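Everything on this sheet refers to the single structure shown next.
Just so you know, these numbers come straight off a predicted model, no measurement behind them. Position 1 is the first residue of the sequence; numbering continues from there.
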Amino acid sequence: MFPSAQRLAAACLALSACLQSEVREDNTVPLGLEHVAAAVATDEGVIRRLSGLWPGSNPPPVLREKGQIAWYFGWDTALREAGLDLQALSEGLLIPRPDCRPGLPPPIWTFEVSDDRGDGPISEERVPELSHPSLLATCPTEHLLRPAEEMPPGLAANISVENDCLADPCFGGIELLDGCQARINLDRCVGEEQAIFVDRLGQLCVDGNRECRNTAPENDAILSMVCTVGPEQCRFHLHQPEEALTISLERVRVASPLSEPSIAQRPNRIPYYAFHGGHVPDLAVGKTRIVALTRSSETTTRDCSDEGTPSTLTTVGGTPLQVLTRAEPGLPCLNVLTMDLEDQLYGVYGVYPELYFVRFDAAGAVESTRRIPSSTPLESAAFAPVDLLYEPESDRLVLALHTEQVQGSDRLVVATRDLREVHTSTLTELSISSIRRGKNPDGARRVVVTESTQSLAIWWQPLILAEESGAGLAAPSLRLGLLTSAPFGDGNVLGFFSEARPAFTRSRSGIPGAIAPPQWFFESAADATALAEFEWNEGKKRRLFIAARERGAGRLGRALLAEYGQGPQRRLRPGARVIGEGLVTGGQRDDAGNAWLALPWAGEVIRLDAPAPPP
């Protein structure tokens with residue numbers, strides 16, 4: 001296959017015309033090599049000339065000048081076993097492997113002839129990477145970057161990009177150039193595009209330049225790189241989403257969608273009152289029934305009046321998911337709902353200072369009410385319900401009241417289930433954005449509130465009437481408000497909003513004050529607003545899904561769902577799924593193992609069912 005006369009002529013031509021000042025090196029190679037090649041390099045290791053591939057039984061002669069180095073390379077069966085086209089490789093000369101382009105397998109034998117160091121193997125760090133022009137035109141088809149038919153936000157060609165230092169995702173998409181090359185748009189990140197290549201093993205790499213360079217892949221990435229962004233060095237990780245979310249999703253329309261929510265286009269920070277606004281302001285999930293609070297206006301807890309639009313209690317369920325019953329209790333400004341362990345439904349209605357707890361019967365009619373005492377000396381402040389939940393540990397209803405008029409004066413109200421005892425807490429300097437269920441450092445599930453002005457999440461012991469007890473989890477770097485929380489693994493997953501970037505993080509049970517560094521949706525700028533938790537075998541297997549509302553996307557913004565990964569990394573898994581439009585609330589679980597979400601701006605309720613993770 002390699003005629004020696006032709007190859008010797010080619011070698012002389014390639015290795016600079018056999019000048020008299022050059023020294024001819026004829027080297028004997030070990031037995032068992034199928035292919036060999038040779039090169040002339042400077043003492044610094046810069047290749048000046050390369051031969052083509054020769055048979056292992058007939059190594060090429062090397063012509064080098066004094067002070068230059070002769071290098072030999074040998075391969076056994078590696079080229080043939082790699083599936084390379086040996087006929088194509090036999091034509092022309094080898095070349096140094098360009099950055100990020102396919103190359104030959106590493107040689108198993110090397111030899112160096114040097115005036116200074118003598119003869120012997122090439123030191124490992126000096127062995128060059130070699131390629132051939134024929135390798136730059138093709139790559140394995142099974143490793144091509146394939147565009148997805150339906151791409152979630154921030155994804156292109158099945159790739160999503162994560163960064164660790166920029167306030168918002170800056171990935172602009174991937175353009176396929178040919179079978180082995182793509183161009184990633186990082187204009188908003190580093191001010192230029194980057195070329196990405198697929199090598200013969202299916203590995204991705206980026207062309208090294210003054211802006212970006214390859215690094216070892218991290219966080220399950222298929223490619224990691226460090227780029228200069230202004231004065232900072234930022235890490236970027238390219239992810240190929242895993243299999244589509246294995247989750248069953250059903251939806252039912254319970255109210256008309258909003259034409260244009262008043263806060264839909266806010267670029268940053270979802271205000272507290274948005275969580276009980278829209279046409280589905282709240283969702284109560286019991287053991288056997290699910291009741292959505294629905295209405296036909298966008299009235300929120302902040303701007304409701306006695307003349308506000310009456311609310312409807314809409315029960316959903318069945319297969320397929322559908323509206324089962326509707327009841328109109330005729331209460332003004334019914335804003336929040338909750339359900340106890342016996343599927344008893346409660347709510348709060350009215351306008352401060354005329355706020356009332358209400359208990360409903362099974363048909364949705366009013367069974368009893370109880371006025372909530374006003375909080376002296378702040379009777380002039382307008383308090384609005386933020387959240388209502390039932391806490392099994394204390395067998396109490398817990399209500400959060402918020403006012404924008406007197407900073408740090410929010411209140412927690414607790415009531416017995418029969419509504420005979422209602423007490424307002426004596427907490428001070430508290431700004432509550434939400435209350436959620438969570439795990440205390442002692443491992444028990446308790447109520448969570450947030451102290452947004454002082455950047456503290458406070459984990460409460462059972463709120464026994466007016467008693468107050470709790471421990472702070474300091475998060476001084478977050479400056480966030482809590483939107484949602486769910487017990488998971490060895491602690492809690494917390495979803496936050498912030499002025500800069502949406503985030504979520506986790507706390508560790510048993511370690512007061514331990515909050516992990518914040519994470520965020522890297523496929524889109526989205527606020528984590530609800531958590532859907534599933535568990536099997538008494539909690540030994542768990543899956544957690546984070547629902548979010550994408551910022552500044554379309555009329556309502558897209559509603560997203562992504563899975564929070566298990567294992568030691570505990571991080572968002574790439575591959576977000578679009579589940580609807582607008583804000584996502586809820587995330588409560590019923591006795592059948594389903595999780596329920598509400599899309600208050602879209603007027604929908606969603607039922608989620610997830611299969612158990614593999615053993």
Side-chain angles (χ1 to χ4, degrees), residues 1-137 199-201:
M1 184 170 60
F2 302 114
S4 58
Q6 294 180 5
R7 297 311 300 269
L8 181 58
C12 286
L13 178 64
L15 303 180
S16 289
C18 307
L19 300 178
Q20 291 184 349
S21 61
E22 293 178 319
V23 177
R24 177 180 172 122
E25 303 288 354
D26 292 290
N27 189 55
T28 301
V29 303
L31 296 176
L33 297 180
E34 288 191 0
H35 304 96
V36 291
V40 171
T42 66
D43 192 55
E44 292 78 23
V46 178
I47 293 179
R48 295 302 187 192
R49 303 187 297 276
L50 265 167
S51 74
L53 278 180
W54 287 57
S57 59
N58 184 24
V62 174
L63 302 173
R64 66 178 181 89
E65 298 179 5
K66 291 289 186 178
Q68 292 182 329
I69 300 168
W71 276 343
Y72 285 89
F73 315 96
W75 294 265
D76 52 6
T77 60
L79 303 185
R80 182 161 39 86
E81 292 175 352
L84 300 179
D85 186 342
L86 298 182
Q87 181 60 43
L89 292 179
S90 70
E91 300 172 359
L93 306 175
L94 298 183
I95 60 174
R97 181 189 176 211
D99 193 15
C100 276
R101 301 311 299 265
L104 299 176
I108 67 164
W109 170 80
T110 64
F111 196 79
E112 176 182 277
V113 179
S114 169
D115 295 335
D116 297 329
R117 287 184 295 275
D119 300 349
I122 307 172
S123 59
E124 184 177 351
E125 67 276 6
R126 287 166 62 88
V127 176
E129 293 185 339
L130 302 177
S131 187
H132 188 273
S134 65
L135 298 180
L136 306 186
D199 68 15
R200 64 179 186 82
L201 299 178

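A search for side chain to side chain contact (heavy atoms under 4.5 Å, CB included) contacts involving Thr77 returns Glu34, Arg80, Glu81, not counting sequence neighbours. Take Asp85 and apply the side chain to side chain donor-acceptor pair (under 3.5 Å) test, not counting sequence neighbours, and it matches no residue. The side chain to side chain contact (heavy atoms under 4.5 Å, CB included) search around Pro121 returns Thr110, not counting sequence neighbours.
Ring pair Trp71/Phe73 is perpendicular by interplanar angle, where above 60° counts as perpendicular and below 30° as parallel.
Atom-to-atom distance recorded for Ser123:OG and Glu112:CD is 6.5 Å, nearest 0.5 angstrom.
Nearest heavy-atom pair across Pro60 and Ala38 is CG-CB, 3.8 Å. Here the shortest heavy-atom pairing between Ala39 and Leu50 reads CB-CD2, 3.6 Å. Taking both residues in full, the closest heavy atoms of Pro105 and Trp75 are given as O-NE1, 2.7 Å, listed atom of the first, atom of the second, then distance. When all heavy atoms of Ala37 and Gly52 are compared, the closest pair comes out as CB-O, 3.7 Å. Annotation for Pro107 and Val127: closest pair CG-CG1, 4.2 Å, computed over non-hydrogen atoms.
Tested against His35 for a side chain to side chain contact (heavy atoms under 4.5 Å, CB included), the candidates Asp76, Leu104, Leu53, Leu89 yield a single pass: Leu53.
Side-chain contact between Ile47 and Ile95 is absent, with no heavy atoms from C-beta onward closer than 4.5 Å. Residues Val62 and Tyr72 form a side-chain contact, since some pair of their non-hydrogen atoms from C-beta on lies under 4.5 Å apart. Contact of the Arg64 side chain with the Val113 side chain is registered, since non-hydrogen atoms from C-beta on lie closer than 4.5 Å. Here the side chains of Arg48 and Thr42 are in contact, with some heavy-atom distance below 4.5 Å. Proximity of Ile69 to Ile122: side-chain heavy atoms (C-beta onward) are nowhere separated by under 4.5 Å. In this structure the side chain of Pro61 never reaches within 4.5 angstrom of the side chain of Leu63, judged on heavy atoms.
Residue pairs meeting the salt bridge (Lys or Arg N to Asp or Glu O under 4.0 Å) criterion with at least one partner in residues 119-135, sequence neighbours excluded, are Arg97-Glu129.
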